[in-house]
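A quick write-up on the structure given underneath.
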Amino acid sequence: MIKIGIPRALLYFQYYPMWKTFFEELGAEVVVSSPTTQTMLAQGSSRVVTDTCLPVKIFCGHVLSLVNECDYIFIPAIRSVQKRVYNCSKFLGLPDMTRAVIPESPPILDTDIDVNKGRHRLYYAIYQVGRHFTRNPFKVKRAGQAAWQAHLNYRQLMSHQGLTPPQAIGEVSAIPEAEPKTPSDSQASAQTTIALIGHPYLLYDEHINHRFIHRLEQAHCKVLTPEMVTTEELELAIARLVGRASWTYEDEVVGAGEHYLQSGADGVIGIMTFGCGPDSLMMDMVRRQATRLGTTPFMSLTLEEHTAEAGVITRLEAFLDMIQRKKRRQVAVCV
Ligand code: SF4
């Protein structure tokens, strides 16, 4: 059986169930790299120039960890998944960059996903991947349809049942990725609701964010994430704040930020990385909106390779203290 490697980085949290279903329907076995470790980060960083953004360094580390584990590695170039809205340049060149910096990589299965080129080109891009497994276009079509359904089910699990991507992946995969969502004591008695905004490869990679969600839950916070908002709500929020999106995945930052600033969260925390051009613009829009509204405390956290755990904890504790003080003041005024 052909083994397809999928790095647990970058777009993994958005599309893993869809990709897994597609390849399995075509008779392949899917191998996923392990969760990020310091060794992966160090090895990935050693392959690219210093000012490459942290998630791409981590991606390279995951590819390296798959080198002797699979026959192919799947790395699509996702240019656009929404009309006239384009992705960050790092995603556009990802397969070529990987070939250049990791020459020992197994052959890379790549394809261009760009909805602006029309439906026919999109189907052809999917067929290009599928023909490595079968020459029967109908089989590829059936695999594509099953994969799309898996993606819709995955999205619905998150937006309707309030699961994070790792929890939803655990639900749809045989191997649990995260603790199943059961109302823990801390969640049940949660008094503070904190919304996290940012890309999934930052919010759910526990190595680079120093287990941020876990720390919030330990502090008895209820954690909300961008995936818990429906696509329609995110689009409405983007329309309110900026008119129309300029970047793919802007909904994870601007859409979720605007939505949670206006929907009663006690605080909003934006997570981004050093060296990210798109996020520095998008996060600034959310910060300005938070200042304009003046109702919901907002903090942005910039992660990089050398971000110390103690620094993250200190900022988080200070932010939560501020929210508690604000709540106590409100109660005092009401009384
Ligand atoms: S959006 Fe930012 S963090 Fe993500 S790949 Fe592009 S530069 Fe890196």
Side-chain angles (χ1 to χ4, degrees), residues 6-16 19 33 35-36 40-64 73-82 84-102 108 110 112-114 165 196-210 212 225-227 234 238 241-242 244-257 269-287 300-307 312:
I6 294 184
R8 194 187 294 251
L10 289 180
L11 299 179
Y12 165 83
F13 290 109
Q14 267 106 329
Y15 300 122
Y16 173 66
W19 294 343
S33 53
T36 308
M40 279 181 183
L41 173 54
Q43 289 180 340
S45 301
S46 71
R47 297 297 180 108
V48 291
V49 292
T50 320
D51 54 2
T52 305
C53 69
L54 180 62
V56 170
K57 289 177 179 170
I58 287 172
F59 181 83
C60 291
H62 281 267
V63 172
L64 282 164
I73 296 194
F74 180 55
I75 309 179
I78 299 196
R79 296 172 191 275
S80 173
V81 290
Q82 200 183 338
R84 287 179 289 123
V85 179
Y86 289 91
N87 216 342
C88 155
S89 58
K90 305 283 182 5
F91 289 101
L92 274 54
L94 204 56
D96 293 331
M97 183 213 70
T98 310
R99 277 190 199 95
V101 302
I102 309 179
I108 291 174
D110 70 340
D112 278 1
I113 300 295
D114 184 350
L196 292 184
I197 62 169
H199 303 300
Y201 45 84
L202 298 174
L203 302 191
Y204 308 113
D205 188 321
E206 295 197 328
H207 180 76
I208 56 170
N209 66 28
H210 299 289
F212 202 76
T225 65
E227 296 78 18
L234 290 173
I238 289 183
L241 189 55
V242 291
R244 71 178 277 278
S246 305
W247 301 94
T248 305
Y249 311 124
E250 190 162 335
D251 48 357
E252 295 155 4
V253 182
V254 176
I269 301 178
I271 299 189
M272 55 184 279
T273 69
F274 180 75
C276 174
D279 278 9
S280 60
L281 293 171
M282 292 191 280
M283 210 56 90
D284 192 53
M285 287 182 207
V286 179
R287 186 186 58 77
S300 72
L301 194 63
T302 304
L303 302 172
E304 45 126 337
E305 275 167 278
H306 307 294
T307 300
V312 171

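These figures come from a predicted structure and were not determined experimentally. In listed order, ligands and their atoms are each counted from 1.
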Looking at ligand 1, is there an atom of it that comes within less than 4.0 Å of some heavy atom belonging to Tyr201?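 So Tyr201 counts as touching ligand 1.
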Does any part of the side chain of Val242, heavy atoms only, come nearer than 4.5 Å to the side chain of Met282, both counted from C-beta?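 Side-chain contact under 4.5 Å: no.
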Give the numbers and elements of all ligand 1 atoms closer than 4.0 Å to a heavy atom of [X].
{"X": "Lys90", "answer": "5 (S), 6 (Fe), 7 (S)"}
{"X": "Cys53", "answer": "3 (S), 5 (S), 7 (S), 8 (Fe)"}
{"X": "Phe91", "answer": "5 (S)"}

Can you tell me if Asp284 uses its side chain to pair, donor with acceptor, with the backbone of Ser280 under 3.5 Å?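 It does not hold such a pair.
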Donor + acceptor pair across side chains of [X], [Y] (<3.5 Å):
{"X": "Tyr204", "Y": "Thr225", "answer": "yes"}
{"X": "Ser33", "Y": "His62", "answer": "yes"}
{"X": "Glu250", "Y": "Gln82", "answer": "no"}

2.8 Å cut-off met by an N, O or S atom of Cys88 to atom 2 (Fe) of ligand 1: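 Checking atom 2 (Fe) of ligand 1 against Cys88, no N, O or S atom falls under 2.8 Å.
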For atom 3 (S) of ligand 1, the option (of Ser280, Pro55, Pro278) bearing the nearest heavy atom: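 Shortest heavy-atom distance from atom 3 (S) of ligand 1: Pro55.
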Strictly under 2.8 Å, is any N, O or S atom of Cys276 next to atom 8 (Fe) of ligand 1?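 Under 2.8 Å: Cys276 has no N, O or S contact with atom 8 (Fe) of ligand 1.
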Relative to ligand 1, is Tyr249 under 4.0 angstrom through side chain, backbone, both or neither, heavy atoms considered?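 It is neither; nothing of Tyr249 touches ligand 1.
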More than 12 foreign heavy atoms under 6.0 Å from OH of Tyr86: is that the case here?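 Count over threshold, so yes.
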